[in-house]
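What follows is a set of notes on a single structure, which appears directly below.
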Amino acid sequence: MRLTTWNVNSVKARLPRLLDWLAEVRPDVVCLQETKCPTEAFPVGEVGVLGYAVAAHGDGRWNGVALLSRVGLDDVTRGFPGEPGFAEDGVPRPEARAIGATCGGLRVWSVYAPNGRAVDSPHYAYKLDWFAALRDALASEIAAGPLVVCGDYNVAPTDADVWDPALFVGSTHVTPAERQALADLRDLGLLDVVPTPMKGPHPYTYWDYRAGMFHKNMGMRIDLVYAAADVAARVRSAYVDREARKGKAPSDHAPIVIDLEP
DNA sequence: ATGCCCATAAAATATGGA
């Protein structure tokens, strides 16, 4: 089974590249993040032509996640129990940041963690709350069967996952609390499936659009595949498809491609 | 080579991304 995850930064803007990539890579299951489109506006027909069933979860101009599968797409769950909303003005508003489904016997989640914006921002507290609720929700999921949780976690697990750790001191994505949130997820029994970079020593998955960051390989590893032990044991290969970050109108994230033993 | 911000909603800028 070929499983992939990709923050596409708008499925509408990325559709031509997404369709070309699907035809070339032929994944069985695709986790998408930052689709930036309402659930009903997802281009179901376009990806359907390539043989994919679609489960989308969107809330308008921001966020949005989806799952594509050509090996079955059952028991779709939009959001998770206890998932907090962002309560900027005291009114919690739910956001589309997680969708789960069972694909070919594997329970798959596509997640898009809150950015956090700044350590003193309410968005940062929301980010930590969201991770804590995700951990609680996944505790029962991991007990139920083979589980993999893919997506944009918006946290670099270690200093080696950032091109210049000194620049990030005091910023989100690298704080001890955020890294502890990842450790708490791993403590459920999830393993970090670290992909092979196609170039250089760092399996970065994100490079800012500005200042030629991709071309200088000044990136971050913030897209992660967290797999239960039985799933991690089936990993034949995993790599960052940095080819998808090149050329005209790319996303600022590259996909991760994981091949699992049957 | 990989090539130097982008997407969205909205109508010139404002916001979010990380």
Side-chain angles (χ1 to χ4, degrees), chain A residues 5-18 20-21 32-43 58-66 85-86 88-89 93 95-97 111-128 130-131 151-175 177-179 181-182 197-224 239-255:
Chain A
T5 182
W6 193 7
N7 178 323
V8 289
N9 186 17
S10 169
V11 72
K12 181 182 174 189
R14 216 63 58 214
L15 190 59
R17 288 197 64 135
L18 174 63
D20 287 349
W21 183 80
L32 298 176
Q33 302 87 35
E34 280 207 86
T35 54
K36 292 184 174 176
C37 86
T39 301
E40 64 275 13
F42 195 95
D59 57 18
R61 67 186 290 195
W62 308 119
N63 315 311
V65 286
F86 182 40
E88 191 166 24
D89 50 10
R93 290 181 180 78
E95 299 181 322
R97 296 188 175 277
V111 299
Y112 173 53
N115 175 287
R117 298 180 188 167
V119 173
D120 60 358
S121 164
H123 210 260
Y124 178 78
Y126 163 56
K127 182 178 190 175
L128 296 177
W130 187 89
F131 270 116
D152 179 354
Y153 284 69
N154 268 320
V155 181
T158 73
D159 279 354
D161 297 312
V162 181
W163 84 90
D164 184 355
L167 285 177
F168 280 81
V169 173
S171 298
T172 61
H173 294 64
V174 301
T175 65
E178 288 166 283
R179 288 174 171 169
L182 295 186
M198 287 172 72
K199 180 185 176 185
H202 306 288
Y204 297 147
T205 62
Y206 163 83
W207 301 261
D208 196 292
Y209 283 121
R210 289 167 286 192
M213 299 284 272
F214 175 66
H215 319 98
K216 301 169 188 167
N217 200 25
M218 297 162 73
M220 304 173 76
R221 185 171 81 95
I222 54 176
D223 299 271
L224 307 174
Y239 68 93
V240 180
D241 186 3
R242 67 189 298 284
E243 295 299 314
R245 181 61 179 79
K246 300 178 183 177
K248 182 177 170 60
S251 170
D252 43 3
H253 295 249

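Just so it is clear, the values below take in all heavy atoms, side chains as well, and ignore hydrogens, waters and symmetry mates. Residue numbers start from 1 in every chain, and the chains themselves are labelled A, B, ... in the order their sequence lines are given, proteins ahead of strands. Since we're looking at a predicted model, the values are computed, not measured.
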| field | Phosphate OP1/OP2 of B/dG16 contacted by A/His123 side-chain N/O (<4.0 Å) | value | no
| message | Tell me whether the side-chain N/O atoms of A/Asn115 come closer than 4.0 Å to OP1 or OP2 in B/dG16. | response | no
Options [options], nucleotide nearest the side-chain atoms of [X]:
X: A/Lys246; options: B/dT2, B/dG17, B/dG16; value: B/dT2
X: A/Phe214; options: B/dG17, B/dT2, B/dA7; value: B/dT2
X: A/Arg61; options: B/dA14, B/dA18, B/dC6; value: B/dA14
X: A/Tyr206; options: B/dA18, B/dA14, B/dG17; value: B/dA18

| remark: Across all chains, not counting sequence neighbours, the ring pair (Phe, Tyr, Trp, His ring centres under 6.0 Å) partners of A/His123 are A/Phe86, A/Tyr126
| request: Can you tell me, in whole Å, how much space there is between the P of B/dA18 and that of B/dT8? | output: 14 Å
Which whole-number value in Å describes the distance from [X] [atom1] to [N] [atom2]?
X: A/Glu95; N: B/dG16; atom1: CD; atom2: C1'; answer: 11 Å
X: A/Tyr112; N: B/dG16; atom1: OH; atom2: C1'; answer: 8 Å
X: A/Lys12; N: B/dA7; atom1: NZ; atom2: P; answer: 11 Å
X: A/Tyr209; N: B/dT15; atom1: OH; atom2: P; answer: 21 Å
X: A/Arg242; N: B/dG3; atom1: CZ; atom2: P; answer: 10 Å
X: A/Asn7; N: B/dA18; atom1: CG; atom2: P; answer: 6 Å
X: A/Arg97; N: B/dG17; atom1: CZ; atom2: C1'; answer: 11 Å
X: A/Asp208; N: B/dG17; atom1: CG; atom2: P; answer: 13 Å

Please classify the nucleic acid contact of [X] as base, sugar-phosphate, or nothing, using heavy-atom distances under 4.0 Å.
X: A/Met220; answer: sugar-phosphate
X: A/Gly116; answer: nothing
X: A/Arg117; answer: sugar-phosphate
X: A/His215; answer: base
X: A/Glu243; answer: nothing

| Do A/Thr205 and A/Ile222 come close enough that some side-chain heavy atom pair is under 4.5 Å? |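 Yes - at least one pair of side-chain heavy atoms lies under 4.5 Å apart.
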| query | Side-chain contact, heavy-atom cut-off 4.5 Å: A/Asn9 with A/Lys36? | reply |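 With C-beta onward as the side chain, the pair touches.
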| said: Between A/Pro114 and A/Lys199, which residue's closest nucleotide on DNA chain B lies nearer the 5′ terminus? | reply: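 Of the two residues, A/Lys199 wins.
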| said: Quick check on DNA chain B: between A/Asp252 and A/Ser10, whose nearest nucleotide comes earlier from the 5' end? | reply: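 By nearest-heavy-atom nucleotide position, the 5'-most residue is A/Ser10.
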| field | Under 3.5 Å donor-acceptor, A/Arg97 side chain and A/Val111 backbone | value | no
| said: With a 3.5 Å distance limit and no angle check, can you tell me whether A/Thr39 reaches the backbone of A/Gly58 through a side-chain donor-acceptor pair? | reply: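 The answer is yes, because a donor-acceptor pair under 3.5 Å joins these two groups.
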| said: Hydrogens and angles aside, do A/Trp21 and A/Asp241 bring a side-chain donor and acceptor to less than 3.5 Å of each other? | reply: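 The answer is yes; a qualifying pair exists.
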| message | Quick check on contacts: within residues 151-158 of chain A, what sits under 4.0 Å from DNA chain B by heavy-atom distance? | response |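 The stretch gives A/Asp152, A/Asn154 as the residues lying under 4.0 Å from the strand, ordered by number.
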| message | Give me the atom names and distance for the closest heavy-atom approach of A/Asp152 to A/His253. | response |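 Residues A/Asp152 and A/His253, closest heavy atoms: OD2-CE1, 3.3 Å.
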Name the atoms and distances for all side-chain donor-acceptor pairs under 3.5 Å in residues 158-170 of chain A, with sequence neighbours left out.
from, atom 1, to, atom 2, distance (Å)
A/Thr158, OG1, A/Ala160, N, 3.2
A/Thr158, OG1, A/Asp161, OD2, 3.0
A/Asp159, OD1, A/Arg179, NH1, 3.1
A/Asp159, OD1, A/Arg179, NH2, 3.1
A/Asp161, OD1, A/Arg221, NE, 3.0
A/Asp161, OD2, A/Thr158, N, 2.9
A/Asp164, OD1, A/Ala166, N, 3.2

